[in-house]
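Letters A, B, ... are given to chains in the order of the sequence lines, protein chains preceding strands, and every chain is numbered from 1.
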Amino acid sequence: MNILVCLKQILDPEVPARDFRVDAARREAEQGSASLVTNIFCENALETALQLRERAGGAAKITVLSCGRPSAEDSLRKALAMKADAAALVVDESDATPDPLAVARVLAAAIQKLGAFDLIMTGREAGDWGAGQTGGLLAEELGLPCVSFVDTVEVAGGVLRLKRQTDAGWELIEATPPVVVTVTNDEHNVPRIPKVRDVMMSYRQPLTKLTPADLGLSDEARAADGYYEVAELFIPQKETRCDFVAGDTLDEKVDAFARRIVEVTRAL
Amino acid sequence: MNDVCIILFGAAGFDKAAQGLAGAGRRLAVELGGSLRAVVVGEGAQALAPEVARVADEVTVADQPGLAEYQPETCLTALAELCGTRRPRAVLLAGDTYSQETAPRLAHRLGGSAAGDCVEVRVAPGGMVRVSRQVYGGKAQAVLELKRSPAVVWLRARSFTPAPARAEAGAVTRAALNVRPDTRARVVERGREESGEARLEEARVIVSGGRGIGGPEPFESELKPLAELLGAQLAASRAACDAGWVPPTWQVGQTGKKVTPELYLAVAITGASQHMAGISEAKTIAAINTDPDAPIFKHCRFGIVEDYRKVVPLLREKLSALMK
Amino acid sequence: MNAAAVNEATREIYWNVTQVWVMYALLVPTALVAGYGVYRHLSRWRRGQPAARFDRPAARVGLLFKHAVAQRRTARDAVAGLFHAFISYGFVVLTVATTVVALDADFGTAIMRGRFYLYFQSLAVDVFGALVMVGVLMAAARRYLRRPRKLVHTDEAALILAAIFVMCLQGFLVEGWRIAATNDPWAAWSPFGNLVARASQSLMGPEAIRVWHAGAWWFHLATSFAFVAWLPYTKMMHVLTAPLNIYAANLAPLGATLKRVDFERTESFGVNTLGGFTWKDLLDLDACTECGRCTAVCPANTVGKELSPRDIILGLRDLMHERPREAFGLVASNGGGVGEVSAAACTTPADKEPTADMEARKPLPIIGAVPATSPVALWQCTTCAACMEACPVFIEQMPKIVDMRRFLVMEEAEFPDSMQEAVMSLERRGHPFSGTQATRMDWAEGLNVRTGADVREAEVLLWVGCGGALVERNQRVTRATAQLLEQAGVSFAVMGREEKCSGDPARRIGNEFLFEQLARENVGNLNKYGVKKVVTACPHCFNTFRNEYPQYGGAFEVFHHSEFLARLVEEGRLKPVPESGKKVTFHDPCYLGRQNGVYDAPRELVQISTRGGAVEMPRSRNNSFCCGGGGGMSFVDEPPDKRVNQERAREAVETGADVLAVGCPFCMTMMEDGVGARKGGRDVKVLDVAELLWEASRPREAGKQNL
């Protein structure tokens, strides 16, 4: 079984709000002193793949693929430390934030170059832009079926049994490979911590580096083929001050408090 | 064409999400100067159609046997066919899992652009559809211009107000479709989340008590009824768990659970860093505390400086009145 | 008696005993058996990794005198110290006396004469012999009547006490009967022997005395030789290993005992086999006297957890003694622990054991091989080093625990979830407080604190630490410290966003790799600004800077804020005016006090700030009891009924103090939780010493606000 897991390197989502800045001109977040990390849902996907391989007694090969800045290599190295078998990076030096379709096209081209895969996994969304589209668009680009919000993958007689989360509960889906799945988190796919030895070894493992040009994707074609554009990016003015509900009596205060609660919960 | 198409799943009924979706669709259609068409798919579509017709200009029911149950591939193909033939300017969907799953792929099949979890959908001066959505975990807000047509947008749940009913109900037609089941991926079993205690990490509303609660009894007599009223999960600070008032599984904080509710109501919790580390992803924090200088208020959207013993019983009364 | 007679005073050696050559013949097997025992120990220790423990001989000899000869640590327990002194000094005297006899009788040196004979060979030996017996009786009474929980009750322990007692008793019988039968004119110089003589003369005839004397003499010889031969096989081996272990002790502060890992060359990170320890670690195992003091002071053990440093040492010792060939990978082991060990660690060539392949001859994993080394226990250690401070023979328990943790973390990635979260946060963000919303400079809001390039100009660097920056409660401590420095006119700056965790939690949790990364990064940044002098309110950072960064090229003069502030007061740069007169008790942070010997500076601040209202807790200074937060434990939830911080908070509250003063951000968190978890009772505030001093120093007109 050949598994491919797509990984995205993102700005640490835990960067404190007070440290978070946006570059209005570039319409992108500033990295500042924050670090870059692998998107958590991508790590959930990798963990799901690793567990699948373990259950299969090792009879599966896991390739990790990323597309992004050269620094994305760190995410792939960490995946190798977690014991992915092979890694490939499509280096995109351009400064602009690519749209989901552009990313899906690069990934699709890379996947076709890397070989035939039975299972292609992505995270359900990324902790930066959170578009939640890469998996679906990738499936369309590759002409494959797609199952979203999967938390468990099993193989039975050449058929993939996918458990996924829905609003009401869960669904069990049987899929014939090849298939694209997007992975969400549950208590069973918390990414493992790599062993330090494996972290050290990961830097000695081979890593395939590609450019969009290697994949036959020219910059012009990509630029012309816009999907969406970020018109504005800003930090919303948040009330950092607490509203102490006003009122002369306890009753008035509690009444105001109750109204504020209902305001929030009504939307749920 | 400047039409707007909304997609609804029959099984969900005309719930608040669907009403908000119709409202957003109507407003966008007005802006574009087009009509609002609804496609209602799957089991229950026929029953839902008249309700939708009160706010839409046209309703297409797609409840063929192959579509009765949601099957991702089959449904997507059908929707692409239904939407594609009429070339709408925008396709709007709700924020449920099926819609989220469908939208980007539908956009791809229609040659359009998708954007999700949007809190605002408008038409930009140049005629392009513009959406607003939260990014970076809510730390920033982005405005996106969808460059292709149609704009396929799924909406953040309940961020939109319903549409006013129209004088004349729209026409309801049955879709003429040749549904070909695509069995490459098929749902073979469905289950509901076992009722009972849902996971704290998944809770939308949390009522949490701290050291100031003073004992196990008020958790039972005061906070539990309040939580039930709000459909909330109960939680606690480490101090309350340490004191043995509530089980350790309730603990939220650095060494406890990290929660992500829409509303976190902190009752008699001071808000030490260790506790705040567990609720940094909460959308709205509100607090009841006697000490106006308690650190919790620094992180609150709104608060009340009073003894919870006086506040909570009254709050329950007020809430049940307001929620009727 | 005249002087001439005194000069000739002696006794007839052997006297009634014939065929003395038998004794010398018996000496050969005795020496062989004992020698083999010692040799076996030596050969096992030699299987350990290298360790440089023979440098600075003068300091080592000094230590030897203080703790092997003067037995200073042993004497900390008054009763045990006393009987140990009786027995050990008695044995030394008796051994010397026996040697004197041999030299005199069989080597013709004729030294057993005159005053030496009377004062030493008769009186001193007689008295010390009696003291040994008293010591044994005291030991037995303590062991079997008082039954301290810290002791291990083995047959061996009973047999040793009995053997010593019987040997001494025989000595007195032999002596007494000789005096009785020979009418020894110097009998008075052997008061206890003389007592036996008088008693026997009234009970037995002269011939019976002669017969009994000969029998007792030979029996005494047999038991003594047997004891000597048996000694290396028992905990009595400590008469040799303890002095050796003290000589080879770690001479650095307790905070500097962790070993470095050579990541380029090491086969297996951390330790999961006996052979992975250094020879000194293995010597430690054989130096243990089973006194149990380490476990008695262990905070985790005290609150009822599984961890027991004594049982780790004894468990590993028993493995080494009972299954040495498996433990060192000489034969196939059936496992018993966790984890895998690199096959390269095997020492025997495969062809010698045709049935066992390399895989099967992996050395026995030690983690989990005995209950004491279970991961559960290993993850309860706060690395407070109370065990090491208590050990009379300088065994290094805590570094072994960290060694095993290293294996679990670096080779197995098996450690508590909440610690994993802290480690992941350290990797990603350079601080262990995952989920915090605070930033490195939040505490400085409204203060004019310099950062960045200003660091180069400043006189001192205030190293804030993650706790001081990112934990709300400790931000107030950092503010107080900064305001005091400002008031004293100290030119200081902070690293701000360039500051990262010192690496202490990573190192104590066992992720040495991460520690090295953080250490190199911090040292590089600090050196970039030419930092020379560092002040920090975190004893963990303090310890790392002081004892660990020098190995990474970081040569800084490091002060705990209490030291620096106390000096500012001394120099008159700060003029606190105490007004509270509150009762304050100070809790020693392990990494400041016990591990680095700073006890007085924080106490001075308490005195200065409160008009001398200081009270001590029963456990203080080097004997202080951990807050429970060291060694990464502040990131782990302890079971509610087994919390170290609550035990310490109880002790603090019981002093009647109004304020529990601390000097560490982790202690602050743990003590606030501990004090807060009490149901009812007095209100006790937890304040850092800098807060106390600031309260006494801050401008009064700025509005009075009680802390």
Side-chain angles (χ1 to χ4, degrees), chain A residues 11 13-14 17 20 22 29 100-101 127-133 136-137 139-141 145-149 165-176 179 226-236 239 242-245 250-251 253-255 257-262 264-265 267-268, chain B residues 72-73 96-98 100-101 104-105 108-109 113-117 124 130 135-137 139-148 158-159 182 184-193 204-205 230 262-263 265 284 286 292 297-298 300-306 310-311 314-315 318-319 322-323:
Chain A
L11 184 73
E14 269 195 36
F20 184 83
V22 298
L101 182 62
D128 52 0
W129 284 87
Q133 301 195 39
L137 294 175
E140 290 304 306
E141 287 291 321
C146 177
V147 182
S148 309
F149 311 114
Q165 299 171 12
T166 63
D167 297 316
W170 52 270
E171 287 176 354
L172 191 63
I173 293 174
E174 285 186 357
T176 317
V179 61
Y227 187 67
Y228 63 50
E229 202 169 73
V230 182
E232 270 179 78
L233 179 69
F234 59 96
I235 298 174
E239 280 182 55
C242 170
D243 281 348
F244 289 106
V245 290
L250 178 72
D251 191 86
K253 279 161 80 174
V254 175
D255 191 68
F257 194 70
R259 283 175 196 282
R260 293 294 299 267
I261 288 180
V262 171
V264 177
T265 53
L268 302 180
Chain B
E73 301 303 318
D96 57 288
T97 43
Y98 294 161
Q100 288 188 44
E101 176 171 64
R105 304 181 71 193
H108 194 277
R109 293 207 182 172
S113 297
D117 207 25
R130 261 193 181 197
V135 292
Y136 286 97
K139 290 192 191 85
Q141 183 102 12
V143 177
L144 307 177
E145 276 185 10
L146 306 188
K147 291 165 107 178
R148 302 172 166 214
R158 300 162 184 101
S159 294
D182 181 342
R184 289 179 300 170
R186 58 229 166 249
V187 181
V188 293
E189 203 183 329
R190 285 189 164 87
R192 297 206 149 260
E193 206 57 73
R204 315 279 307 261
V205 182
L230 289 166
E262 297 291 324
L263 174 68
L265 180 56
T284 302
F297 285 125
K298 285 191 199 154
C300 272
R301 191 72 63 76
F302 56 98
I304 180 167
V305 183
E306 281 290 350
K310 291 190 228 153
V311 174
L314 197 53
L315 182 61
K318 300 272 180 197
L319 283 174
L322 283 167
M323 286 164 98

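Taking 4.5 Å as the limit, every side-chain heavy atom of B/Glu262 sits out of range of all side-chain heavy atoms of A/Thr265. The shortest side-chain heavy-atom distance between A/Ile235 and B/Tyr136 does not fall under the 4.5 Å cut-off. By the 4.5 Å heavy-atom criterion applied to side chains, B/Leu314 and A/Phe257 are not counted as neighbours. Looking at B/Arg186 and A/Thr176, their side chains come closer than 4.5 Å, going by heavy atoms from C-beta outward.
Interface residue A/Ile261: backbone and side-chain heavy atoms are both found under 4.5 Å from chain B. For a residue to count as touching a neighbouring chain, one of its non-hydrogen atoms must lie under 4.5 Å from one of that chain's; by this rule A/Phe234 touches chain B with backbone and side chain alike. Contacts of A/Pro145 with chain B are made by both backbone and side-chain atoms, with heavy-atom separations under 4.5 Å. Contacts of A/Phe149 with chain B are made by side-chain atoms alone, with heavy-atom separations under 4.5 Å and no backbone atom involved. In this structure, chain B has heavy atoms under 4.5 Å from both the backbone and the side chain of A/Glu141.
Between the CG atom of B/Asp96 and the OG1 atom of A/Thr166 there is a distance of 10.0 Å, given to the nearest 0.5 Å. Rounding to the nearest 0.5 Å places CG of B/Leu315 at 7.0 Å from CG of B/Leu265.
A donor-acceptor distance shorter than 3.5 angstrom exists from the side chain of A/Gln133 to the backbone of B/Ala114, with no hydrogens or angles considered. The backbone N or O of A/Ser148 sits less than 3.5 Å from a side-chain atom of B/Glu101, completing a donor-acceptor pair. When atom types are taken as modelled, the side chain of B/Arg301 and the backbone of A/Asp243 share no donor-acceptor pair closer than 3.5 angstrom.
Highest contact tally toward chain A, considering only B/Gly303, B/Ala142, B/Ala115, is held by B/Gly303 [criterion: heavy-atom pairs under 4.5 Å]. Listed options A/Glu171, A/Glu14, A/Arg259, A/Lys253 were ranked by heavy-atom pairs under 4.5 angstrom with chain B; first place goes to A/Glu171. Across B/Arg109, B/Gln141, B/Glu73, the residue that shares the most heavy-atom pairs under 4.5 angstrom with chain A is B/Gln141. With chain A as the partner, the residue from B/Ala124, B/Ser113, B/Pro72 showing the most heavy-atom pairs under 4.5 Å is B/Ser113. Chosen from A/Ala139, A/Pro13, A/Ala29, A/Pro100, the residue pairing most often with chain B at heavy-atom distances under 4.5 Å is A/Ala29. Comparing A/Glu229, A/Glu174, A/Glu232, A/Gln165 by how many heavy-atom pairs each has under 4.5 Å with chain B, the most go to A/Glu174. Considering only heavy-atom pairs separated by less than 4.5 Å from chain A, the leading option among B/Lys318, B/Glu145, B/Arg105 is B/Arg105. No other option in A/Val245, A/Leu233, A/Asp128 has as many heavy-atom pairs under 4.5 Å with chain B as A/Asp128. Chosen from B/Arg130, B/Met323, B/Glu306, B/Lys310, the residue pairing most often with chain A at heavy-atom distances under 4.5 Å is B/Glu306. Contact count against chain A (heavy-atom pairs under 4.5 Å) is highest for B/Ala185 among B/Gly116, B/Ala185, B/Ala286, B/Pro292.
For the residue pair A/Val264 and B/Leu263, the shortest heavy atom distance occurs at CG1-CB, 3.9 Å.
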